[in-house]
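Numbers restart at 1 for each chain; the letters A, B, ... are given by sequence-line order, proteins then strands.
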Amino acid sequence: DAKTTQPNSMESNEEEPVHLPCNHSTISGTDYIHWYRQLPSQGPEYVIHGLTSNVNNRMASLAIAEDRKSSTLILHRATLRDAAVYYCILIRNSGGSNYKLTFGKGTLLTVNP
Amino acid sequence: DAGVIQSPRHEVTEMGQEVTLRCKPISGHNSLFWYRQTMMRGLELLIYFNNNVPIDDSGMPEDRFSAKMPNASFSTLKIQPSEPRDSAVYFCASSLKVGTGGSEQYFGPGTRLTVT
């Protein structure tokens, strides 16, 4: 399976935008890019996913590089509640295993007041 | 909707005892997942059910672990006998369907298991 690489940690200030990077240089054409986050003492929470085009929803935006070898999760205005571990996950839409979320270590985002 | 419900939230037991974790998925969801999270290994998928049928149990660590889904609104994960290395947070998740490119999984609050 293709792997993702994320920074171990990042810091941001409240009400400023945050750009969380993810590298996936071995991504295949059938891999979807998913982002989840895990707040302290809670279960993971779905954030957003995409294939080729940039995606927006109420929580965040996902910017996908033209060659798809990297992507960036964008939180437009960070709040203290956004402090969490953010996971970038590839899901392969072939071989019948498109249900499998393989969590890496993720990026620990700290938001300063 | 109440979301995915797990019980108990905390469980402390002695080595050798049987442990049963329970999960109620979101109504209408037809896929259910059990995960385990530890500091050493992170989040791991243990087993996946679709329409109450186990599809992939390759993540179940050993025969001491078993999972059932007798109906669409209830699942159990049982450990018998339990060992200290089973101490972890166990999450249950459900999704409406697993479509193209995966689907949004909704996680419960988890059960923190401590085996002494």
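- When the shell of 6.0 Å around CG of A:Asp67 is examined, it contains more than 12 heavy atoms from other residues, nucleotides or ligands.
- Counting heavy atoms of neighbouring residues, nucleotides and ligands inside a 6.0 Å radius, atom CD of B:Glu62 exceeds 12 of them.
- The 12-atom threshold is exceeded at CZ of B:Arg64, counting heavy atoms of other residues, nucleotides or ligands nearer than 6.0 Å.
- There is a path of hydrophobic side-chain contacts, each under 4.5 Å, that joins A:Ile48 to A:Ile27.
- Side-chain contact check for B:Tyr48 versus A:Lys100: every heavy-atom pair is 4.5 Å or farther apart.
- The distance from the OG atom of A:Ser41 to the CZ atom of B:Arg9 is 9.0 Å, given to the nearest 0.5 Å.
- If you tally non-hydrogen atom pairs under 4.5 Å between each of B:Leu45, B:Val89, B:Asp56, B:Ile55 and chain A, the highest count goes to B:Asp56.
- Residues A:Tyr46 and B:Leu32 do not share a hydrophobic cluster, clusters being chains of Ile/Leu/Val/Met/Phe/Trp/Tyr side chains in contact below 4.5 Å.
- The shortest distance between side-chain heavy atoms of A:Pro44 and B:Gln37 does not fall below 4.5 Å.
- The number of heavy atoms from other shown groups lying within 6.0 Å of CG (B:Asp63) does not exceed 12.
- For the pair B:Phe33/A:Leu101, no side-chain contact is recorded, criterion being any heavy-atom separation below 4.5 Å from C-beta on.
- Heavy-atom distances place no part of B:Tyr106 under 4.5 Å from chain A, backbone and side chain included.
- A:Tyr99 and B:Asn50 share no side-chain donor-acceptor pair at under 3.5 Å.
- Side-chain N or O atoms of A:Tyr36 include one that pairs as donor or acceptor with a backbone N or O of B:Gln105 at under 3.5 Å.
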